[in-house]
A.B. asks: 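The following block contains the structure, expressed as structure tokens.
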There are 2 protein chains.
Amino acid sequence: MASPGEDWQDELRARGYRITPQRQLVLDAVRVLEHATPEDVYAHVRQRSPGVNLSTVYRTLELLEEIGMASHTHLGHGAPTYHSHDKPEHVHLVCRSCKTVQEVAPDLVGSLVDTLKDRKGFETDVGHLTVFGICEECTS
Amino acid sequence: MASPGEDWQDELRARGYRITPQRQLVLDAVRVLEHATPEDVYAHVRQRSPGVNLSTVYRTLELLEEIGMASHTHLGHGAPTYHSHDKPEHVHLVCRSCKTVQEVAPDLVGSLVDTLKDRKGFETDVGHLTVFGICEECTS
DNA sequence: CTACTTGCAAACTCTTTGCACCATA
DNA sequence: TATGGTGCAAAGAGTTTGCAAGTAG
């Protein structure tokens, strides 16, 4: 599930991909930043290596998803946000009022998953579930 | 909740907005088409009135949301889809495999709403909830 | 060396905005 | 006739792509 240390390099090589400094930088950025947009990742990468191009970031993010090391979610209107699979799966709660995003454990939505499976035969992709609403802070 | 007949005109006027043929066309399109993207709405409107501009569609969709007659959801990567509030609230299930969208009754997610409220103090916006996964057809 | 990658620039999709003209109230 | 609305064109985000030069294996 998680990506222990540097195994990702073997994963890449095994699939015929190459290990490049750009890919390392992008992976690092996705791991460090959480809910990072491509632009966020780009900015972070460029702090360490100003020559890297935005399109390389896009291509690498796509690659990371393809090999299952990261995934993206649409948290509202703008750009999507990426997170690495080092961390356990989680559900996003997005507050419409203060725009903050909190992560909650997947078991909180277990009953939803079961209900959809039983009543609709639908297999929920919990890792991509985003719930919009108003957070505790903003309701009080 | 629903919009009985032509009351929306009073609603607009009451807020100082004007009734225009373009607005009627866009509202009709949103009501007829379901899960319509701005482009879908545009195409539908232009069948009846070729002169209407895309930016008018965008401006009108924004207006309809503002006065609570429609809302939009992000069903995946591309453009958002709009639906009118004539129909009861519903949750969207989007199949990653065949891309179909089904609507299910909000009570199916009642337990989720309760859990998030009790455990996180989070008020879920059920009307904007979209669940990604694999539908019954595609799992078999 | 050879194939995969990158940087660069251009193209693309989706959406917003400024402004003069037009039409509703 | 006074605003608010529309069409048009241009600008803006966000993302993708073609291609020549660079580099990992």
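Keep in mind that the numbers below use all heavy atoms, side chains included, and drop hydrogens, waters and symmetry copies.
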A.B. asks: Should A:Y58 be listed as having a side-chain N or O under 4.0 Å from OP1 or OP2 of D:dT15?
C.D. replies: yes

A.B. asks: With heavy atoms under 4.0 Å as the rule, sort A:L54 into base, sugar-phosphate or nothing.
C.D. replies: base

A.B. asks: Check whether any side-chain N or O of B:T20 sits under 4.0 Å from OP1 or OP2 of D:dT6, and answer yes or no.
C.D. replies: yes

A.B. asks: Take the angle between the ring planes of B:H72 and B:H74 and call it parallel below 30°, perpendicular above 60°, tilted in between.
C.D. replies: perpendicular

A.B. asks: Counting N and O atoms only, with roles assigned by atom type, does the side chain of A:H85 sit under 3.5 Å from a partner on the main chain of A:G68, one being a donor and the other an acceptor?
C.D. replies: yes

A.B. asks: Does C:dG7 have its OP1 or OP2 closer than 4.0 Å to a side-chain nitrogen or oxygen of A:T56?
C.D. replies: yes

A.B. asks: Of B:H92, B:H35, B:H83, which meets side-chain hydrogen bond (donor to acceptor under 3.5 Å, both in side chains) against B:E103?
C.D. replies: B:H35

A.B. asks: Output the single nucleotide from D:dG14, D:dA9, C:dG7 whose closest atom is nearest the side chain of A:S55.
C.D. replies: C:dG7

A.B. asks: Would you say the base of D:dG4 and the side-chain of B:R59 have a donor-acceptor pair closer than 3.5 Å?
C.D. replies: no

A.B. asks: If only side-chain N and O atoms of B:N53 are considered, is one of them under 4.0 Å from the OP1 or OP2 phosphate oxygen of D:dC8?
C.D. replies: yes

A.B. asks: Looking only at N and O atoms, is any donor in the side chain of B:R18 or the base of D:dT3 less than 3.5 Å from an acceptor on the other one?
C.D. replies: yes

A.B. asks: Using whole Å, report how far CG of A:L61 lies from P of C:dT6.
C.D. replies: 12 Å

A.B. asks: State which of C:dG7, D:dG7, D:dG14 makes the closest approach to the side chain of A:Q22.
C.D. replies: C:dG7

A.B. asks: Rounded to whole angstrom units, what separation is found between the NE2 atom of B:H74 and the C1' atom of C:dT13?
C.D. replies: 15 Å

A.B. asks: Mind calculating the distance between OH (B:Y82) and P (C:dC14) to the nearest angstrom?
C.D. replies: 13 Å

A.B. asks: Just how far, in rounded Å, is C1' of C:dC4 from CD of A:E62?
C.D. replies: 15 Å

A.B. asks: Under 4.5 Å between side-chain heavy atoms, hopping through other hydrophobics if needed: is there a path connecting B:F132 to A:V109?
C.D. replies: no

